[in-house]
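Please read the structure below before turning to the comments.
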Amino acid sequence: MTTNNHVDPRGPRFGAAITSVLSLIAFYLSLSNQSLAYAIVVALGVLFTWSLISPSTHPYGWSFAKFIRPNLAAPKELEDPRPLKFAQQVGLAFALLGIIGGIFSAPLITVSAAFIFIAAFLNAFFGLCLGCQLYLLIRRVGIIR
Amino acid sequence: MDSTIALSIALIVVATLAGLVYRFFRGRGRSVSGAQCIKLEKLKILKDGEEITKFGKEATVVLFSTEYCGQCPAVRRSLAKLEYRKGGLLFIEVDITHRINLAAHFNISQTPTVFILNPGGEIRFRIGGTPKPKTIETELEKLGVK
C-alpha cells in the first residue's frame, strides 16, 4: 500500500494537546459565559473540518512542523492517516453537536466540549486515540468500508 | 464560580482516571478457555510466499494486523525476533484489512491483537493492543517454549 502519505504520530498528538486545552476552556466557559464557549466550539469545528479538507495547511500541523518536529528525533514509526482522519470526523461530529444543539439547548455546548476534551486529552497524554479504536469496530459492523 | 472550577477539575480527573485504567489494561492479555481453534486451511496464511499448513511444535503466535495499524510493525519485529530465538515457536501474521469478517469471527476489536496457540492450534491466550513486555514470553514458557 502507499506509505508516502504516512504521518509522524506525534503531530496529531501535539494537535490533540492544543484541542484539549481549547475544549477545557470551552467547558469551563460554557458553565458561565455561554456565548464565548459557543465561539470556541465553533472554532474547534472549523479546525476539525480544516484537518479533513486540507491537513497539510492546518495550523496544528504547520506549527508542529515548524517549531516542534525540528527539536525531536526522527519518529520510530509512521502512522497511516486513515484512522486519524476518521478520528477527526468523530471530533467534528461532537463539535457539530455543540454548534447545532447549542442553538436550542445550552447544556449541549457543555456536553460537546466535555466529549472533545476527554478524547483529545486521552490522545495527547495517554496515546489513546478513541476515534482510531472505533475505526476497526465500525468497519467490522460494516458502516464504512 | 467555585462550582464551575470544581466541575472542570472533575472533568480532568475523570479523563485522567480513564487514561490510567486504559494504560493498566492495555496489552495485558488474558487466558482463554473454551478452546476455540484456529483452522489453518481456512485462514490460508502466507509466510515467505508459502502457505502455512502446520502449527509450531511447541506453540504458535498469531498477530492480527491491518494496513493502517500504527503499532503493528513494532510488534511484528519483536515477534519475529522471538521466533528466531525460541525453539519450536512459529510466528504468523494475518492482515485483516480486507478480511474484516475475521475480526468479527475472532472478536477482535483492535489491532494489534495477538493470540498464543498451543501445538493443536487452540487459542490459549489473547492480547488486545501492544503487548506489555515479557507477557508473551511468560505465556510461552507455560506452553514449554524455552
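Excluded from the calculations below are hydrogen atoms, water molecules and symmetry mates; all remaining heavy atoms, backbone and side chain alike, are included.
- Across every non-hydrogen atom of I108(B) and R140(A), the tightest pair is O-NH1, 2.5 Å.
- Follow the hydrophobic side-chain contacts under 4.5 Å out from Y84(B) and you never reach I52(B); the two are in separate clusters.
- Interface summary for chain A: among T111(B), L20(B), N101(B), the most heavy-atom pairs under 4.5 angstrom belong to L20(B).
- Placement of V21(B) and F24(B) within a single hydrophobic cluster is found when ILVMFWY residues are connected by side-chain heavy-atom separations under 4.5 Å, directly or transitively.
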Given side chain to side chain contact (heavy atoms under 4.5 Å, CB included), test Y28(A) with L7(B) step by step and report yes or no. CA-CA 8 Å; Y28(A) 172 74; L7(B) 271 174; over 6 Å; no

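- Heavy-atom distances place no part of L102(B) under 4.5 Å from chain A, backbone and side chain included.
- Using a 4.5 Å cut-off between heavy atoms, R77(B) touches chain A through its side chain atoms alone.
- With a 4.5 angstrom heavy-atom cutoff, E77(A) touches chain B only via side-chain atoms.
- Nearest heavy atom pair, residue A15(B) against residue I118(A), reads CB-CG1, 4.2 Å.
- To the nearest 0.5 Å, the span separating CZ on F64(B) from CG on L136(A) amounts to 11.5 Å.
- Hydrophobic cluster membership is shared by V111(A) and L29(A), with clusters built from Ile, Leu, Val, Met, Phe, Trp and Tyr side chains linked at under 4.5 angstrom.
- Only the side chain of T66(B) comes within contact range of chain A, with at least one heavy atom under 4.5 Å from a heavy atom of that chain.
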Using the rule given for side chain to side chain contact (heavy atoms under 4.5 Å, CB included), can you reason through R139(A) versus T97(B), listing the C-alpha separation, both sets of side-chain angles and the distance that settles it, and then say yes or no? CA-CA 9 Å; R139(A) 286 202 36 183; T97(B) 311; 4.1 Å; yes

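- Between R23(B) and L128(A), every side-chain heavy-atom pair lies at or beyond the 4.5 Å cut-off.
- A single hydrophobic cluster is seen to contain both L140(B) and L79(B), as judged by linkage of ILVMFWY side chains at heavy-atom distances under 4.5 Å, directly or through other members.
- Checked against the 6.0 Å centroid threshold, Y135(A) and Y68(B) count as a close aromatic pair.
- Residue T16(B) comes nearest to F126(A) through the heavy atom pair O-CZ, 3.7 Å, listed as atom of the first residue, atom of the second, then distance.
- Heavy atoms of N107(B) lying under 4.5 Å from chain A belong to its backbone as well as its side chain.
- Of the residues considered (A74(B), G19(B), P73(B)), G19(B) shows the highest number of contacts with chain A, using heavy-atom pairs under 4.5 Å.
- For the pair C69(B)/E79(A), no side-chain contact is recorded, criterion being any heavy-atom separation below 4.5 Å from C-beta on.
- Across all non-hydrogen atoms, the minimal contact from A18(B) to L122(A) is C-CD2, 4.2 Å.
- Shown here is K47(B), whose NZ atom has more than 12 heavy atoms of other residues, nucleotides or ligands within 6.0 Å.
- Side-chain contact check for F121(A) versus L11(B): every heavy-atom pair is 4.5 Å or farther apart.
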